[in-house]
Amino acid sequence: MLARELKKGSAELIILASVEVRARHGYEISKLIEAQSGGEIKFHVASLYPLLYRLEERGWLKGRWVEKAGQRRRRFYSLTAEGHHVLARQRETWQRFVRAVASLTGVSHA
Amino acid sequence: MPDWTSEIESRLASLRLTAGREAEIVEELSQHLEQRYAELRDQGVAEAEALALVREELLGDESIAERMRPLRQANVSPVVAAGAPRRELLADFWQDLRLAARMLRKQSGLTLMVVLTLAIGVGANGALFALVDRVLLRDLPLPEPDRLVTIWERTETTPQSLASPLNMLDWERRSQSFDAIGGHLTGVFAMVLTTPQGAEAVMRQWVTAGIFDALGVKPVIGRTFFAADDTERKQSVVLSESYWRARFAADPGIVGQSLRLDGDLYAVVGVVPDQAEILGRANLWGLNFIRAAPERVRGQYPFRTVARLKPGVSLEAAQAEMEGIAADLAREYPATNEGRSVVLQPLRDAVLGTELKRTSVLFLGIVGFVLLICFANIANLLLTRNSARGNELAIRSVLGADRRRLKRQFATENLLLAGLGGVAGLALAGALLAIAPAAIPQDLLPSGVEIGFDWRVAAFCIVATLAVALLFTLASSAQVAELTALREGVPSGRRMTDRSSRTREALVVGQVATAVVLLYGAGLLTRTLITVDSVDPGYRAPSVLSLFVDPLSDSYPTPEALLQFYGAIEEELKANPGVASTAWTTTLPLGPSFAGKLFYDVDGEPAFVPAERPTAEMQIVSTGFFSTLDLPILAGRAFDDGDRPGAMPVCIVNEAFVERRLRGVEAVGRTVQTWQAEDSSQPPRTCEVVGVAANAKRRADEPEAPSQIYYPFARLPDDDIYLIVRPVAGDAGALASSVRAAIARVDRESLVSVTDIATLESVARDATARYRFRALLIGAFAGIALLLAALGVFGVLAYTVQRRWREYGVRMALGARRAAVVRLIARDAARLLIPGVLVGGLLAVVAGQLLGAMLFGVRPFDAPTFTLVLVVLAATAAASVIGPAFRATRIDPVGALRSD
């Protein structure tokens, strides 16, 4: 597991990126993050949902209840237009930060 | 499958989410947990271990409630218990605001009254503030106005006299204190601009070369005058920007072109911004040559001056230097400058004369009074409303609303009310200022000083509004404290302590006092207006038309040609059957004059030294003047056709001249010598008095008729002259177009400008415009004050009746007659009115003294006016007592006793 601070700083970026391609529900998001990070990053229910609600309140995510025939309804989260902007900006910032840390510490970019 | 619902619910409980939102979150989270559990079980994890792992999901580093607390959705206010103690300011404010809006809608009558009162108070005062601001508070609209001064010449008899051109030049050459000194003639007169399309009148003012540098006015295009233009005697003009835009469509090519003005060519050297109109309302300024003037001109004093002090030079230092220079000049030119000194005055004070300042201070006083009365009235309305809400407050405070919260609720309501009133007031101020230019007398404001709606007026309105909100909030806070203190007892408006009532009564007394002061002031100014309006102008003609006729300077080069032209016009008019008689004059009764004052001596009377010679008003009039105006000739004869060049020089004097100078002794046959100027370097004009005319008023407010000397027009033809026309019957105004047509028939080449067409009645009305304006203004405000005071008295009485409902009922049950109850109410009314009248009366006496300078024909303490004020007040008071008294006499004793 990565250090708590690192995760905290990048949590918003990670969540936003996870729904960039299409809308997903909470469980799907947590699974996706865990799988893609090779189990390095996990979000608990207690941290994932408050974060989703916060991003929703900021207008970066939009949550919608979707009902499919024969299934229970689920809440899907998708990026808003503003969310797309924020994601692009945060991604760039993060890249600059990583490059800077790399050149300072001699850790090469993987 | 385990159920997580209750587990999640308990963790969210502390957040006070709305029920709907909480259900959604519980649904979403439990789905997640169920799916996780199912997955773990699928992976073969034992049931107990899976349960523990899933529960761990809910724990995290911080609890879910902790993480959600900053979110808005976790901050939904409870629906009930408005006024419960809370900490969230903004949410509370929003809630307060909605509640306030609801309250105000519910009491729409009261809301409307408060908003209207406030709108009148703020709006009317905002508009007046614009004037006061312009006149008393703000600098002239010129660069670095603090450095601008006027240099007056000073003699023993005249503390501020106009300047001689040669003295001005010497001041300029010898002093070190000024960047520039310029002069201008005070009059603005029409010139005829001839273009290929025809002739038109333009307003021209003569200035000297330095004037625009002194004002600090930079040309929009071209340049202003150079000293070289003066020395080389280049006939040149500078246009005002608005004239340039309106007449020449802002064509920059105008610079360098020549305009034909009164027949002569003038080169346009530049265009200056309209700020220069501070000198006079002119379309263009012509260069007055002074640099090559002969020495005798030193004895002429036509110029008003504007001088710009060098940076850092104080008025006192400049004054000291100039006194030295004036003393030198007095030694060098004793004939003209003996006894002459100079005095410097800030230009602002010189431009905004005492008359205007006086009016503005009056306005400022009214502003204050009316604002006070408005405040008092609104405060009263709100206090009444608040006490009516005693029950509501008591209930809310019992339900747990804390006092601070209730006070804030009131503050919000007051703010909302004040805001509505303020917005309406701003709109009213804007509307008033939009129509103000048409309503205020033209000569009240100096040219170049315009009033209008600007950010300073808006700021005034906003500050006044906020002050109202603050004041009411303080008042209602005190009341909330009082009302909530009663919560232990049975909540009832009847149990109000007396403190609020006393405050309200004091406010009403204040209103009555203010109304008395304003009514008295309005009365005095109205009586002044009536006096000046009903002043006997001296002439008896019921209706006379006047026109200003200004021929081009070179179109009638000789006096003979000019007289012939004037004669032709009179001939033409005689053919008009509607015209009874016509005449020419330099002076209109109660109107302007193109002839100045004369210094005179009468042969056979003790002679005066030149500096102490008496003065008389000079008028040049044609033979028909006295008959056209029907101005009686009391002795001797009027002018006739024999009074022409070559014949014996004659003049006519007026009654006041005879009384003052000849102690009523027969004047006809005496010889009078007159001088145009104070110095007697020029030979006097001698004439024999052939008649004595009745006094014709020159100004409506002159305390005594001035001495007047009339000269026959045929001997001194002037080309700045009024034509007066008297109709056979009816209104002279109806003749205007036919008279114009007659002039046009004579003046085929359009060489004459005809302006200022007006009847003498309207000239007289214009002369008293400022009195009318003042009386109207203070009268309007006094009316508002009276209405507000009446409402105040009514409000208090109505409230008293309501409060003492049961008492009246008991009295009537015990046998009191209706008359007795009415007497009780009348006594309450008297308790408000008598102190109000006493206080107001005292203040009115003071106010009357302050108004002294604006009064004419009425003394500051005027018993009839005061009596009238009392009568008006008594009638108003009676009107406001009737309603409550009627209500009190309709009380059903049984019902009143049963009611709580």
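The chains referred to below are lettered A, B, ... by the order of the sequence lines, with proteins before strands, and numbering in each begins at 1.
Note on B:E28, B:M68, B:Q31: by heavy-atom pairs under 4.5 Å with chain A, the leading option is B:E28. Options A:E57, A:R54, A:E28 differ in how many heavy-atom pairs under 4.5 Å they form with chain B, and the most are formed by A:E57.
Heavy atoms of other residues, nucleotides or ligands lying less than 6.0 angstrom from CZ of A:R73 number more than 12.
With sequence neighbours excluded, the residues forming a ring-ring contact (aromatic ring centres under 6.0 Å, His included) with B:F460 are B:F129, listed by chain and number.
Proximity to chain B is limited to the side chain of A:Y49, based on heavy atoms less than 4.5 angstrom apart. Contact of A:L48 with chain B is made through the side chain alone, with heavy-atom distances under 4.5 Å.
We find the OG-CZ distance between A:S30 and B:R36 to be 7.5 Å, quoted to the nearest 0.5 Å. For the atom pair CZ of A:R75 and CD1 of B:I25, the computed distance is 8.5 Å after rounding to the nearest 0.5 Å.
Between A:V45 and the options B:V54, B:I8, B:L33, a side-chain contact (heavy atoms from CB on, under 4.5 Å) holds for only B:L33.
Contacts classified as ring-ring contact (aromatic ring centres under 6.0 Å, His included) and involving residues 67-92 of chain A (residues at least two apart or in different chains) are given here: A:H25-A:F76.
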*Report the C-alpha separation of A:K31 and B:Q35 in whole Å, then their side-chain angles, then the decisive distance to 0.1 Å, and conclude whether the side chain to side chain contact (heavy atoms under 4.5 Å, CB included) test is met.*
CA-CA 11 Å; A:K31 283 277 120 195; B:Q35 200 166 357; over 6 Å; no
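Side-chain atoms of B:E56 do not come within 3.5 Å of backbone N or O of A:H44 as any donor-acceptor pair.
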